[in-house]
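Everything below concerns the one structure shown next.
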Amino acid sequence: MATTRKTTAKSTKTSTTKSTKTSSMTAATKSAAAKAAPASAPVVVAAAVPVVSGPKMRKPELVDAVVAKTGMKKKDVKPIIEAALAVLGSALQSGRELNLEPMGKIKINREKKLPEGKVMHAKIRQPKDLPSETANPDPKDIEGADTTPAAAE
């Protein structure tokens, strides 16, 4: 607010009064605005969801699951699974990245050597549309199910 200064005391006093009122209104407006809107609003970040792991699958359970899925004999399946696990273990030990289609992509992020062995922290990336056993069960696994088209009608 620009005012011209006059030589009379009255006009000087008036302009000073206006100036004081304006500055006090500005301070009141600023404090009201500060109370109304906080300087920085808190940002909500999605919390990490803890992963609750189910029971461990051990080698005998894996062998039994493959036997049930394929219908092969246990004595034929066991050496194949043991050989596959040995190949996968040696590939991980040598630092290779695994890209196994139905299981996903496995990459070693870091490792720590201990006196009794090695601890590897791996990242496993799976596709979103990974088929689930409950969503698409194998017809062999369903007891008493007839898979002919006539039975579906």
Side-chain angles (χ1 to χ4, degrees), residues 1-3 17-153:
M1 179 165 147
T3 58
T17 307
K18 286 181 181 177
S19 171
T20 306
K21 286 182 182 177
T22 307
S23 63
S24 66
M25 289 175 63
T26 307
T29 308
K30 287 179 182 178
S31 65
K35 289 179 183 176
S40 63
V43 178
V44 178
V45 178
V49 179
V51 177
V52 179
S53 62
K56 292 181 183 178
M57 178 181 256
R58 305 231 181 241
K59 191 167 40 171
E61 293 175 61
L62 178 62
V63 171
D64 292 339
V66 172
V67 166
K69 183 93 171 166
T70 61
M72 296 176 65
K73 293 181 180 179
K74 189 172 183 176
K75 67 176 187 174
D76 296 333
V77 170
K78 189 174 179 181
I80 294 170
I81 290 177
E82 288 176 349
L85 291 175
V87 169
L88 293 174
S90 64
L92 288 174
Q93 190 173 14
S94 65
R96 292 186 64 185
E97 187 174 301
L98 304 176
N99 193 358
L100 307 172
E101 187 59 34
M103 190 164 74
K105 187 174 185 178
I106 303 170
K107 180 180 179 183
I108 303 296
N109 282 345
R110 61 181 188 254
E111 62 182 38
K112 182 178 181 180
K113 294 184 180 183
L114 300 173
E116 64 271 1
K118 188 189 314 186
V119 176
M120 291 186 253
H121 293 269
K123 177 180 178 181
I124 302 174
R125 174 179 240 147
Q126 292 185 324
K128 287 183 180 179
D129 57 348
L130 187 67
S132 146
E133 289 296 321
T134 57
N136 300 319
D138 191 359
K140 294 178 194 173
D141 294 339
I142 302 172
E143 294 179 22
D146 189 8
T147 58
T148 59
E153 294 173 357

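Just so you know, residue 1 is the first one in the sequence shown, and it goes up from there.
With sequence neighbours left out, Leu62 forms a side chain to side chain contact (heavy atoms under 4.5 Å, CB included) with Met57, Val66, Ile81, Leu85. Among residues two or more places apart in sequence or in another chain, the salt bridge (Lys or Arg N to Asp or Glu O under 4.0 Å) test is passed with Lys123 by none. Residues that satisfy the side chain to side chain contact (heavy atoms under 4.5 Å, CB included) test with Ala84, not counting sequence neighbours, are absent from this structure. Scored by the salt bridge (Lys or Arg N to Asp or Glu O under 4.0 Å) test, Glu61 finds no partners at all (sequence neighbours excluded).
Here the CD1 atom belonging to Ile108 is positioned 9.5 Å from the CD atom belonging to Glu97, to the nearest 0.5 angstrom. Separating the CD1 atom in Ile106 from the CD atom in Gln126 is a distance of 9.0 Å, to the nearest 0.5 Å.
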Name each donor-acceptor pair under 3.5 Å that joins a side chain in residues 86-93 to protein atoms two or more places apart or in another chain, with its distance.
unit_1: Ser90; atom_1: OG; unit_2: Ala86; atom_2: O; d: 3.3
unit_1: Ser90; atom_1: OG; unit_2: Val87; atom_2: O; d: 3.0

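Legend: side chain to side chain donor-acceptor pair (under 3.5 Å) pairs involving residues 106-120, not counting sequence neighbours: none detected.
The minimum heavy-atom distance linking Lys74 with Val63 is given by the pair CG-CG1, 3.9 Å.
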